[in-house]
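Remarks on the structure that follows.
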Amino acid sequence: MKPKSVKTYAPATISNLGPGFDTLGVAINAPGDTVVARRRSEPGLGFSVVTTNAGVPLDIKKNVASYVSTLLINEKHPSFGVEMILHKSMPVGSGLGSSAASSVAAAVATNALLVKPFSKADLLPFILEGERLACGSAHADNAAPCLLGGGCLIRSYDPLDVVPFPIDSSLVWIVVHPDTEVLTKGARTILPEQIPLRSAIRQWANVAGLVMGLAEGNRDLIRRCVEDVVAEPLRAKLIPGFDDVKKAALAAGALGCSISGSGPSVFAIASSMARARLIGAAMTKTFRLAANIQSTGYVSRTNVIGARIVWRRGS
Ligand code: HSE
């Protein structure tokens with residue numbers, strides 16, 4: 001029997017992972033966004049947002065969750081409508097895949113109510129339209145791991161080709177979100193249209209090496225490959241204290257450290273949970289000392305499930 005109401009959770013993601021601009025991403029366990037949706041007799045979508053975060057669009061046409069849900073409803077024309085509440089706990093403009101998490105939670109919830117639902121992977125093109133609405137670009141390096149879990153390589157955008165890859169279970173992710181905002185749209189416009197061939201060679205070698213290093217848990221290889229010669233040098237300027245925070249993470253034993261997505265969050269990789277906690281503490285301390293900025297740290301193993309249904313009810 002199809003559920004009449006459903007609650008979904010979609011996790012934060014770290015995208016780019018250093019060298020993999022728009023091509024690499026990984027899901028972590030928290031933070032994340034939650035959606036509660038139920039069938040209603042009135043057709044179309046009813047939408048509301050519960051949040052304490054400033055800057056979350058409340059308008060049904062402007063919020064990515066309602067936008068993506070409407071796309072799905074318009075595609076399937078169900079005989080019922082959907083009433084949806086987005087519990088928006090992730091900060092906007094954080095570099096944690098906040099817009100992707102809202103879109104994914106909404107898509108998975110709406111889909112679960114449908115009589116003939118899409119497969120999880122077939123939801124991705126709808127979710128990417130949410131990313132386009134949020135920042136003008138339908139990049140998939142947050143949306144794919146958020147939906148599918150684990151590590152994802154976006155091998156191609158045309159046609160879309162998402163390649164999940166394994167990440168050694170001993171590795172631990174640290175992501176520290178400073179209390180400042182960087183909007184993805186702006187952080188993309190400062191990047192060059194073209195890059196020198198020598199930068200491209202270095203970058204794609206690092207992407208290949210990083211995927212291999214993460215899959216094998218090869219610490220030395222990871223250390224060498226979390227290097228971004230394209231976006232980080234330009235985007236670092238948007239993050240107060242970035243250089244000091246990165247130095248502190250590496251000094252505390254991080255295998256690598258770079259900008260999470262388009263920032264301002266900064267991620268690092270550790271070889272154990274205990275080491276990850278030390279690295280996270282060093283990073284938050286350095287944001288405070290170097291830039292006088294408060295930050296929130298998250299430590300997580302790879303989330304291999306991605307978006308999930310928390311509960312479903314028949315009535
Ligand atoms: N790959 C995207 C970017 C991620 O770096 O702009 C945005 O979160």
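Counting begins at 1 with the first residue of the sequence. Both counts, for ligands and for their atoms, begin at 1 and track the order of listing.
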query: Applying a strict 4.0 Å limit to heavy atoms, is S15 in contact with ligand 1?
result: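 Yes, S15 has a heavy atom closer than 4.0 Å to ligand 1.
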
query: Heavy-atom contacts under 4.0 Å between R235 and ligand 1: side chain, backbone, both, or neither?
result: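 Side chain only; the backbone of R235 stays clear of ligand 1.
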
Pairwise side-chain contact, M84 with L45, heavy-atom cut-off 4.5 Å (strictly under):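 Sidechains of L45 and M84: in contact.
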
query: Charged N to carboxylate O under 4.0 angstrom, D243 versus K246?
result: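 Looking at D243 and K246, the cut-off is not met.
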
field: Backbone of I28 reached by a side-chain donor or acceptor of N303 within 3.5 Å
entry: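 Yes.
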
- prompt: Does R277 reach the main-chain N or O of V299 with its side chain, forming a donor-acceptor pair under 3.5 Å?
  reply: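 No; zero donor-acceptor contacts below 3.5 Å.
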
Any idea which atoms of ligand 1 are less than 4.0 Å away from a heavy-atom of [X]?
| X | result |
| --- | --- |
| T184 | 6 (O), 7 (C) |
| D22 | 1 (N), 2 (C), 3 (C) |
| F21 | 3 (C), 5 (O), 6 (O) |

field: Distance from atom 7 (C) of ligand 1 to nearest protein heavy atom, with residue and atom
entry: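 For this ligand atom, the closest protein heavy atom is H139 NE2, 3.4 Å.
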
- request: May I ask you to identify the nearest protein heavy atom to atom 6 (O) of ligand 1, giving residue, atom name and distance to one decimal place in Å?
  value: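 Nearest protein contact, heavy atoms only, for atom 6 (O) of ligand 1 is R188 NH1, 2.7 Å.
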
query: Within 45° of the ring axis of F118 and under 6.0 Å from its six-membered ring centre, is that where the NZ or CZ of K76 lies?
result: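 Yes, K76 sits over the ring of F118.
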
- request: Determine, stepwise, if the pair Q294 / D179 fulfils side-chain hydrogen bond (donor to acceptor under 3.5 Å, both in side chains).
  value: CA-CA 6 Å; Q294 293 303 317; D179 189 13; over 6 Å; no

message: Regarding atom 8 (O) of ligand 1: of the candidates N16, I14, N142, which has the closest heavy atom?
response: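 Looking at heavy atoms only, N142 sits closest to atom 8 (O) of ligand 1.
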
